[in-house]
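The structure under discussion appears below in the form of structure tokens.
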Amino acid sequence: MKRKIIKIDREKCNGCGLCVDACHEGALQLINGKAELVSESYCDGLGACLPECPAGAMTIEEREAGAFDEESVKKHMEAKKSPVPEKLACGCPGTQARTFERKEAAVASVQPAAGSAQPAVSQLRQWPCQIKLVPVNAPYFDQAHLLVAADCTAYAYANIHNDFMRNKITVIGCPKLDDVDYTEKLTSILQAHEIKSITVLRMEVPCCGGIVNAVKQALVNSGKMIPWRIVTVTTDGKIVEE
């Protein structure tokens, strides 16, 4: 699959770091005084870093995207050892892909008893979780049971962690607020990984139909037969269709 990816001319790079600050995806780092693309998978190819480069060292090229190729992994590990702090222009804690291990003992106590002082345990297994931000080639998608949830379901349905997110990789979005079609992104994820099943968790409101349609079309585009189901949540937090 061909996609647009940033290319850096090391000879021109002056190591100012402005491109690192401008990269929303956490794909760039300063290594040994030069800007490096530490992971092709995180690069969105939109080029927000290009106008920030005073040396003209950055261009965009179209090529086959490598899924965590050896060179990218090496650069990524070097970046982790770099003393330069990771900065993101978006101001969020970070968009680098990561996974969270959930202990079995913790899983059993997701929903504490009424009046209990024991805190609930999150069942989010990876970061990021927004459909717009997840890297297509993130390894946590391999052999995953995928939950595609509308943003509002987490607020409407009280026990979403235990009943839906547990043991799944969760991606969320709102087709109305994001004003994008998730079909292309979801298609790429399905084509790049062996997904075991898909659960679509939507609200009963009409605009949530966009997230369902995106999953349906992505399944068609991928050419794969993946078990999937749609679950609808009412605005007052009840399951009406499963």
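These figures come from a predicted structure and were not determined experimentally.
Within 6.0 Å of CD on Glu61 lie more than 12 heavy atoms contributed by other residues, nucleotides or ligands. Within a 6.0 Å sphere centred on CD of Glu204, other residues, nucleotides and ligands contribute more than 12 heavy atoms. The environment of NZ in Lys224 is crowded: more than 12 heavy-atom neighbours from other residues, nucleotides or ligands sit within 6.0 Å.
Looking only at side-chain heavy atoms (C-beta outward), Ile131 and Val148 come within less than 4.5 Å of each other. His145 has its side chain out of reach of Asn167: every pair of non-hydrogen atoms, C-beta onward, lies at least 4.5 Å apart. Contact check for Glu36 versus Arg10: side-chain heavy atoms found under the 4.5 Å cut-off. When side chains are defined from C-beta on, Arg202 does not count as touching Thr153, because their heavy atoms never get closer than 4.5 Å. Side-chain atoms of Leu201 and Ile211, non-hydrogen and from C-beta on, never get closer than 4.5 Å to each other. Looking at heavy atoms from C-beta onward, Leu28 lies in side-chain contact with Ile8 at the 4.5 angstrom threshold. Using a 4.5 Å cut-off on side-chain heavy atoms (C-beta onward), Leu146 and Ile226 make no contact. Residues Gln123 and Phe164 are not in side-chain contact: their nearest non-hydrogen atoms beyond the backbone lie 4.5 Å or more apart.
In this structure, the separation between OG1 on Thr234 and CD1 on Ile239 is 8.0 Å, given to the nearest 0.5 Å. Atom CD1 in Ile5 sits 11.5 Å away from atom OG1 in Thr59 (nearest 0.5 Å). Note that CG of Leu37 and SG of Cys49 are 9.0 Å apart. Values are rounded to the nearest 0.5 Å. Taking NZ of Lys4 as the start and CG of Leu46 as the end, the distance is 9.0 Å to the nearest 0.5 Å. How far SG of Cys152 is from NZ of Lys176: 10.0 Å, rounded to the nearest 0.5 Å. Taking CG of Leu147 as the start and OG of Ser197 as the end, the distance is 9.5 Å to the nearest 0.5 Å.
Of the possible donor and acceptor atoms, one in the side chain of Lys185 sits under 3.5 Å from a partner among the backbone N and O of Val134. When atom types are taken as modelled, the side chain of Tyr182 and the backbone of Cys174 share a donor-acceptor pair closer than 3.5 angstrom. Under a 3.5 Å cut-off, the side chain of Lys34 and the backbone N or O of Cys13 do form a donor-acceptor pair. No donor-acceptor distance shorter than 3.5 angstrom exists from the side chain of Glu52 to the backbone of Pro54, with no hydrogens or angles considered. No donor-acceptor distance shorter than 3.5 angstrom exists from the side chain of Gln143 to the backbone of Lys196, with no hydrogens or angles considered. In terms of modelled atom types and a separation under 3.5 Å, the side chain of Lys132 and the main chain of Asp178 share no donor-acceptor contact.
Both Ile189 and Trp228 sit in one connected hydrophobic cluster of ILVMFWY residues. Membership requires side-chain heavy atoms under 4.5 Å apart, directly or through other members. Taking hydrophobic clusters as Ile, Leu, Val, Met, Phe, Trp and Tyr residues chained together by side-chain heavy-atom distances below 4.5 Å, Val205 shares a cluster with Val231.
Here the closest heavy-atom approach between residue Ile60 and residue Gly47 is recorded as CD1-CA, 3.8 Å. Residue Met203 comes nearest to Cys208 through the heavy atom pair N-SG, 3.3 Å, listed as atom of the first residue, atom of the second, then distance. Across Ile172 and Gln130, no two heavy atoms sit closer than the pair O-OE1, 3.4 Å. Leu190 approaches Ser222 most closely through the heavy-atom pair CB-CB, 3.8 Å. Across all their heavy atoms, Ala214 and Thr183 have their closest contact at CA-OG1, 3.4 Å. Ala35 and Leu30 get closest at one heavy-atom pair: N-CD2, 3.6 Å.
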Ile31 and Val38: side-chain contact (heavy atoms from CB on, under 4.5 Å), yes or no, with the steps? CA-CA 9 Å; Ile31 300 176; Val38 296; 3.9 Å; yes
Between Ile160 and Val233, is a side-chain contact (heavy atoms from CB on, under 4.5 Å) present by the stated rule, with each step listed? CA-CA 11 Å; Ile160 186 173; Val233 180; over 6 Å; no
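Residues passing the ring pair (Phe, Tyr, Trp, His ring centres under 6.0 Å) test with Phe141 are His193, sequence neighbours excluded.
Judged purely by distance below 3.5 Å, without hydrogens or angles, the side chains of Asn221 and Gln217 pair a donor atom with an acceptor atom.
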